There are 2 protein chains.
Amino acid sequence: MVDQALPKQAANISADAADDEPRCFVAKLFGKRARNREAQEERILTAAMNCFIRSGFRGASMNEICSEAGMSPGALYRYFPSKEAIIEKISATHRQQSAEILARMSQSNNIIDAITNVGLDHVRKMSMNDEGPGPRDSSARLFVEVRAESMRNESVAAICELHEGLMREELLAAFSAAKECGEIDPVTDLELAVASLAAVGEGIIMRNFPAQGVPLEALEPVFRALAVGLLRPTKSLANK
Amino acid sequence: MVDQALPKQAANISADAADDEPRCFVAKLFGKRARNREAQEERILTAAMNCFIRSGFRGASMNEICSEAGMSPGALYRYFPSKEAIIEKISATHRQQSAEILARMSQSNNIIDAITNVGLDHVRKMSMNDEGPGPRDSSARLFVEVRAESMRNESVAAICELHEGLMREELLAAFSAAKECGEIDPVTDLELAVASLAAVGEGIIMRNFPAQGVPLEALEPVFRALAVGLLRPTKSLANK
DNA sequence: TAAATGAGAGAGAACGTTCTCTCTTTTTTG
DNA sequence: CAAAAAAGAGAGAACGTTCTCTCTCATTTA
């Protein structure tokens, strides 16, 4: 029960008077209403995320989420049909953000740098508060929460499987390319290397080293060493 | 609601009729009564573990645990004062088992072998069912559950901190010794290596590779590569 | 027979969810 | 364009269920 609610709907009235009465079904998709709905969903998701970080998926109650969002249960349930739905949505976006970091991999010159940077990006992202100023709690907690939930919740498991499948594919493609370029030892089992690197990276992300005083720069050689160890690159790459 | 319960108390009656009435206060500690109490506690803990693996700490209800243990709530609460207490006990023993694996580290000839074996032992242990025959679910789930709980439950966090502190000390001692023996590069930051190896190992344990079809032997070179990468041993050790 | 043990009903709180009602905004109608 | 109608959004009480834990009373054990 903080300073919630704002002037409620009034906030969206004075947006801009230029766009009015689309009156056809397009309004449903792009109109003022639709935009407001999106904003509200966002509000709920942000609040839920904070609650889940604080108390866990099962531990956080709908009332807790309602309070954090400054909303009544009746209002909240207009946007999400169940707690499950919120959990799924949050799991999905969280895992998707992870997957998106991988997309930037191709920006690096060689495969070892690429992996190192992806790892560092992950740790950086996870130890930051999610948008908005002020130091809030790390989102690495959510990472653990999602993984725990995925072990017994079938739909969350499916979500994780989806994004991790994409990540594995992307990594595998990059590794294959590097192999053909002669950057890494042709003997290396790429499938295993992908799975191992994913697991190993997850371990480091979960520990949230930056929150424990280990600076990000200190992790650079760690990721590099892991990549070198698992991929066995040709000498020229191994020695930095 | 499987084939639980057994003949309940009857199980402990016909143990052996030889030892009866020690009658002094020592009986409280070592007598038939005390042994029975221990057995009951064990029964509860085993049941609770199964439930927690199946539904999570928060997800499993006391009724579920009672059913699994073949016990009434009244009986169960005679042995544990709260659900919290059961969670703490299970977290503690689970983490302790992890720490105990480390104790066997000194049996290896060199530091790389030692770490590799510790890693493999962990994975083996975690992917096995806990005592008793029949394939039950992996205890790697419990690992994730404990870690998730430790992020918001202070007493579980303290338990984890305790055992992980011991593990870190033990690892650090082994690394220092290896450094002095000239087995590893004197430049290596041992503190960071310990923390990284712990995190990385945890990641692999959580993924539970054996349950996904990756045989244990395939992980041997992975652990070896991680150890080599992070510790930078002298040449003779690096090439197996 | 006194103490320990267990079964099971159930108390009381908290849970996720739904219901009813009010108020505002948008669309339709005359 | 004004009035009427419909739809959307929100509040908050209330619902039925489930939760953890306790209490009473019967049974077993020494």
Side-chain angles (χ1 to χ4, degrees), chain A residues 1 4-15 17 19-28 30-41 43-44 48 51 55-67 69-87, chain B residues 5-15 17 19-25 27-28 31-41 43-44 48 51 55-67 69-87:
Chain A
M1 282 221 191
Q4 81 232 42
L6 330 169
K8 276 155 195 172
Q9 296 159 279
N12 296 92
I13 297 178
S14 59
D19 63 332
D20 32 273
E21 65 247 56
R23 147 169 324 145
C24 63
F25 74 95
V26 183
K28 291 250 184 202
F30 304 109
K32 226 179 283 185
R33 274 255 154 83
R35 256 175 294 131
N36 187 51
R37 163 165 272 272
E38 261 175 64
Q40 295 292 67
E41 282 177 9
R43 183 143 73 105
I44 293 168
C51 293
S55 322
F57 282 149
R58 305 293 234 258
S61 74
M62 288 304 266
N63 264 332
E64 195 181 331
I65 296 172
C66 287
S67 291
M71 234 181 214
S72 65
L76 192 147
Y77 270 89
R78 193 169 285 281
Y79 296 97
F80 290 93
S82 66
K83 190 184 179 185
E84 260 289 303
I86 300 180
I87 290 177
Chain B
L6 329 170
K8 278 158 192 170
Q9 298 161 279
N12 295 92
I13 297 179
S14 60
D19 63 333
D20 30 273
E21 64 246 58
R23 146 172 322 147
C24 65
F25 77 94
K28 290 251 185 200
K32 222 180 283 183
R33 274 259 153 80
R35 256 176 292 133
N36 188 49
R37 165 166 269 271
E38 260 175 64
Q40 294 292 65
E41 282 176 8
R43 183 143 73 105
I44 293 167
C51 292
S55 321
F57 282 149
R58 305 294 235 256
S61 73
M62 288 305 267
N63 264 332
E64 196 181 329
I65 297 173
C66 287
S67 291
M71 236 181 213
S72 66
L76 192 148
Y77 271 89
R78 191 170 287 281
Y79 296 97
F80 288 94
S82 67
K83 191 184 178 183
E84 261 288 304
I86 299 180
I87 291 177

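Order of the sequence lines sets the chain letters (A, B, ...), proteins ahead of strands, with each chain counted from 1. Remember, predicted model here, so these are calculated numbers, not experimental data.
At the phosphate of D:dG10, OP1 or OP2 sits under 4.0 Å from a side-chain N or O atom of A:Gln40. OP1 or OP2 of D:dA11 lies within a sub-4.0 Å distance of a side-chain N or O belonging to A:Ser72.
When rounded to the nearest whole Å, the span between CZ of A:Arg58 and P of C:dG16 equals 11 Å. Atom C1' of nucleotide D:dA9 and atom CD of A:Glu38 are separated by 16 Å, given to the nearest angstrom. Distance, B:Leu76 CG to C:dT5 C1': 13 Å, rounded to whole Å. Between the CD1 atom of B:Ile65 and the P atom of D:dT18 there is a distance of 17 Å, rounded to whole Å. Rounded to whole Å, the distance from CZ on B:Arg37 to P on C:dA3 is 18 Å. Separating the CE atom of B:Met71 from the P atom of C:dG8 is a distance of 13 Å, rounded to the nearest angstrom. For the pair A:Met62 CE and C:dA13 P, the interatomic distance rounds to 23 Å; values are reported in whole Å. D:dA11 atom P lies 13 Å from atom CG of A:Asn63, rounded to whole Å.
Contact detail for A:Ile65 and A:Cys51: the closest heavy-atom pair is CA-SG, 3.8 Å. Of all heavy-atom pairs spanning B:Ser82 and B:Tyr77, the tightest one is CA-CE2, 4.0 Å. Annotation for A:Ala69 and A:Ile44: closest pair CB-CA, 4.5 Å, computed over non-hydrogen atoms. A pairwise comparison of heavy atoms in A:Leu76 and A:Cys66 identifies CD1-SG, 3.7 Å as the closest pair.
Closest approach to the A:Ala75 side chain among C:dG16, D:dA11, D:dC21 is made by D:dA11 (side chain taken as heavy atoms from C-beta onward).
Using a distance-only test at 3.5 Å, with no hydrogens or angles considered, a donor-acceptor pair links the side chain of B:Lys83 to the main chain of B:Phe57.
Heavy-atom distances under 4.0 Å link DNA chain C to B:Arg78, B:Tyr79 of residues 77-85 of chain B, given in residue order.
Residues A:Met71 and A:Gln40 have side chains in contact (heavy-atom distance under 4.5 Å, counting atoms from C-beta outward).
Remark: A:Glu41 CD to A:Tyr79 OH distance equals 8.0 Å, nearest 0.5 Å.
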